[in-house]
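What follows is one structure encoded as C-alpha cells, with my remarks underneath.
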Protein chains: 2
Amino acid sequence: MKLTTWNINGIRAREQALLRWIAVAQPDVLCLQEIKADLTQIPESLQNLATHTALWNGSAKKGYSGTALLVSNTLIQTHGDAVFSIPSFDAESRTVQAVIGKTVVIGVYVPRGEKDAAHYKWKLDFFTALETHTASLIAAGHDVVLCGDMNVAHKDLDVHPSQQNPEACGQRPPEREAIDRVMATGFQDVYRNLHAGEEGCFSWWPYWRNARERNLGWRLDYIYATPRLAASATAAVIDSSEASSDHSPVSTQFVI
Amino acid sequence: MKLTTWNINGIRAREQALLRWIAVAQPDVLCLQEIKADLTQIPESLQNLATHTALWNGSAKKGYSGTALLVSNTLIQTHGDAVFSIPSFDAESRTVQAVIGKTVVIGVYVPRGEKDAAHYKWKLDFFTALETHTASLIAAGHDVVLCGDMNVAHKDLDVHPSQQNPEACGQRPPEREAIDRVMATGFQDVYRNLHAGEEGCFSWWPYWRNARERNLGWRLDYIYATPRLAASATAAVIDSSEASSDHSPVSTQFVI
DNA sequence: CGTCCTAAG
DNA sequence: CTTAAGACG
C-alpha cells in the first residue's frame, strides 16, 4: 500500500499539478491538507477521478483549511466497501479518517498556532485529542496510520540548522512533547526509520527568499504508523521535485 | 501636440504595457485614469521616465481611482516651465490639470455612479462642478482640452446596438444631458468630429463574454476641445489593438 | 510569496 | 473578467 500525505495549499490552484502527480505516482491512499475549498468548489476533474474515491472534509470557513482522503478504487475493491468518514473533532475541517482493510488511516492538518496564545493552546489541545483518539484505536487492536501536516518539526534534525530556534512556533518544547505523547500511544516515524540521522530532509519551505532552492526547510509532514505497519515499510520519500505547493508530498510503501 | 487619454485599470498591472505603449506612440500629453496606486506604489520605471514629466494624483483610497497626466519633456522645454497641478475637487483623486503653452489640459475620471442613488447623484454633481470649472477657464480665454473616462456613452451611436438601454447607468438621459451642458461651455467631441456617424467606435468593453472580440463595447473615453483646437485636429484614433486594460487608449493630434 | 476573500469596476 | 486589499499561512 503506497500512502502519501501532501499539504497542497489550495486544491483549485493545484488542479493540474495534482492530477498529473496522481497519474504518475499512483498512490493507494492520498491524504490532502489545506484544500481551501468547500464541496461546491472542488474541481470536477478531482471529484470524478476514475482511479480513486475521495472523502472530502471541505472548508467550513471559506477558503480556509479543509482536508481530504483519497483511496484507490483497486484497494476498495480488494478490501470491500470499508471506507467511511468521521466528523472532525473541531469546526475547521482538519481531520479525515478511513478504514482500509484492517488499517485505520487518519489524515490531519494541525493548526499552526502562531496567531496568539489561545490559538497556540488550541494547537496543544488538538494533539491531546489526537492522543486520546489514537490510543483508543490502538487499544482496540487496529493497525493505524496517522499522517499529515503536524505544523511541528519534531526534532532539531527536522529543521535546517540556520533556521533552528526553540522559541519559534513549530519548534517549541511543549509542541514537540505533545508529538512525543501522541507517538507514545504506539507510533513510529516511518520516514525517519528509513532515513535515521539523515540531514536536510524537509517537506516545507517558506515561499520567500529562495528558501526551497537553498533547502532552508522544515520537516512538518509526517507518516506515523503502528509497529507492525512501520516494520513493513520498504521505502519513504519526500518528492521535493514537486514544488507547486510550499509543501512537497511525503510517501511511503507498506507491504500489507 | 499628440494627446492621449487612457483608463489603464491599475498602473502596477500595466507597467510593461504602458512603457511599451509610450515608447511606440510617443504622446506629448498622456492622461491616465484608474492608476489604482498611491505615490509610494507607482512603479519606479514610470516615475523616472526619461521622456516625460508626470503629475500624479495618487489614489487617496488604497487601490481605488487615481489619475495622472504625463507631459513630454520636449514640450515642456519648448513651452517653458508651464506645468502645474490643481487639487482635485473631490477626495477621490479623479482630476488632474496642466497648463501647456496657452492650452489647459484637464484629465478626469468620472465616477461610475452605479453603486446607489447617492453615488449616481454625485456623478451628476461631478459634471456640474466640471461645467463651472471649464466655463470659467473658457471665459478667461484659454484653449482647453477636457479628456478622460466620462463613464457615460454620450449618444446611442456610442454603444453597440445590442447593449443600448436607456435605463443602464452610463446611458441615462440625465447623464447625457450633464455632458451636453459641459460641452455647451464650449467644447467639441474631437473623435466624433473626425468620425461623424461612424458605427462601432468604442473605447471600453466588458472583460467578460468575449465582449471585446465581438466589439460589444461602449465609447466612454472622450477628448473634448475648444473650437480653435478642435479645428486643428488632424486625426483621432482608438487603439483597440492595445487590449491590456478594459479600456483602449484614445488619441488625437492637434496642430498648434 | 502564494492562495483565497471581498469590494469595486 | 480583472485589479487590488486583506487575511492567513
Side-chain angles (χ1 to χ4, degrees), chain A residues 7-15 17-18 33-38 40-43 58-66 92 94 109-116 119-120 123 149 151-152 168-170 204-214 216-218 220-221 243-247, chain B residues 7-15 17-18 33-38 40-43 58-66 92 94 109-116 119-120 123 149 151-152 168-170 204-214 216-218 220-221 243-247:
Chain A
N7 179 319
I8 53 171
N9 191 20
I11 200 167
R12 283 169 285 180
R14 213 64 62 229
E15 181 178 6
L18 190 50
Q33 299 89 42
E34 285 208 90
I35 66 173
K36 293 188 173 184
D38 65 30
T40 68
Q41 298 171 315
I42 293 161
S59 301
K61 294 163 79 165
K62 257 189 171 309
Y64 180 79
S65 187
E92 291 194 355
R94 292 177 176 275
Y109 170 46
V110 176
R112 196 146 179 273
E114 204 167 19
K115 206 169 57 189
D116 52 34
H119 202 233
Y120 179 66
K123 179 182 195 173
D149 176 359
N151 259 321
V152 175
C169 188
W204 173 82
W205 301 260
Y207 274 122
W208 49 93
R209 271 179 290 191
N210 281 328
R212 186 187 270 270
E213 288 70 15
R214 299 155 69 199
L216 304 182
W218 304 34
L220 296 178
D221 303 275
S244 51
S245 163
D246 51 346
H247 296 250
Chain B
N7 179 322
I8 53 171
N9 190 18
I11 200 168
R12 284 170 286 181
R14 214 62 64 228
E15 181 179 3
L18 189 49
Q33 299 90 39
E34 285 208 270
I35 65 173
K36 294 188 174 185
D38 64 29
T40 69
Q41 297 171 316
I42 293 161
S59 300
K61 293 163 80 166
K62 258 192 171 304
Y64 181 79
S65 186
E92 291 194 354
R94 292 177 176 277
Y109 171 45
V110 176
R112 196 148 178 271
E114 203 165 22
K115 205 169 59 186
D116 53 34
H119 202 232
Y120 178 66
K123 179 183 193 173
D149 176 359
N151 260 319
V152 174
C169 188
W204 173 82
W205 302 260
Y207 273 124
W208 48 94
R209 272 178 289 189
N210 282 329
R212 186 187 272 271
E213 289 71 14
R214 300 154 68 199
L216 304 182
W218 303 33
L220 297 178
D221 304 274
S244 51
S245 165
D246 51 346
H247 296 250

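Residue numbers begin at 1 in each chain, while the letters A, B, ... track the order of the sequences.
- Rounded to whole Å, the distance from CD on Glu92(A) to P on dG9(D) is 8 Å.
- Among the heavy atoms of the strands, none lies under 4.0 Å from Arg209(A).
- dC8(D) atom C1' lies 13 Å from atom CG of Asp116(A), rounded to whole Å.
- If you check every strand for non-hydrogen atoms under 4.0 Å, Glu34(A) touches sugar and phosphate atoms only.
- Arg12(B) places a side-chain N or O within donor-acceptor distance of the main-chain N or O of Lys36(B), the cut-off being under 3.5 Å.
- Of the listed nucleotides (dC1(D), dT3(C), dA5(D)), dT3(C) has the atom at the smallest distance from the side chain of Arg14(A).
- Rounded to an integer number of Å, the gap from Arg94(A) CZ to dC8(D) C1' is 11 Å.
- For the side-chain hydrogen bond (donor to acceptor under 3.5 Å, both in side chains) with Asn7(B), the lone residue among Asp221(B), Asp246(B), Asp149(B) that qualifies is Asp149(B).
- The Asn9(B) side chain lies nearest to dT3(D) when the options are dG9(C), dC4(C), dT3(D).
- Arg12(A) has a side-chain polar atom (N or O) that falls below the 4.0 Å cut-off from OP1 or OP2 of dC5(C).
- Atom CG in Asp38(A) sits roughly 12 Å away from atom C1' in dC4(C) (whole-Å rounding).
- Checking Gln41(A) against Tyr207(A), the closest nucleotide of DNA chain C that is more toward the 5' end is the one next to Tyr207(A).
- Distances from the side chain of Tyr64(A) to the nucleotides dT3(D), dA5(D), dC8(D) place dC8(D) closest.
- Rounded to whole Å, the distance from NZ on Lys123(B) to P on dG9(C) is 11 Å.
- Toward the 5′ end of DNA chain C lies the nearest nucleotide of Ser244(A), the other residue of the pair Lys61(B) and Ser244(A) mapping further downstream.
- As rounded to whole Å, 15 Å separates atom P of dT2(D) from atom CH2 of Trp205(B).
- Rounded to an integer number of Å, the gap from Lys62(B) NZ to dT6(C) C1' is 17 Å.
- In this structure, Asn210(A) places its CG atom 10 Å from P of dG2(C), rounding to the nearest Å.
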So Glu34(B) and Asn9(B), side-chain hydrogen bond (donor to acceptor under 3.5 Å, both in side chains) or not? Walk me through it.
CA-CA 5 Å; Glu34(B) 285 208 270; Asn9(B) 190 18; 6.0 Å; no
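- Within the nucleic acid shown, Arg212(B) has no heavy atom closer than 4.0 Å to any nucleic acid atom.
- A distance-only check finds a donor-acceptor pair linking the side chain of Lys123(A) to the backbone of Asn151(A) [under 3.5 Å].
- Within the 3.5 Å criterion, the main-chain N or O of Cys169(A) finds no donor-acceptor partner in the side chain of Arg112(A).
- The side chain of Lys36(A) sits closest to dC4(C) out of dC1(D), dC4(C), dG9(D).
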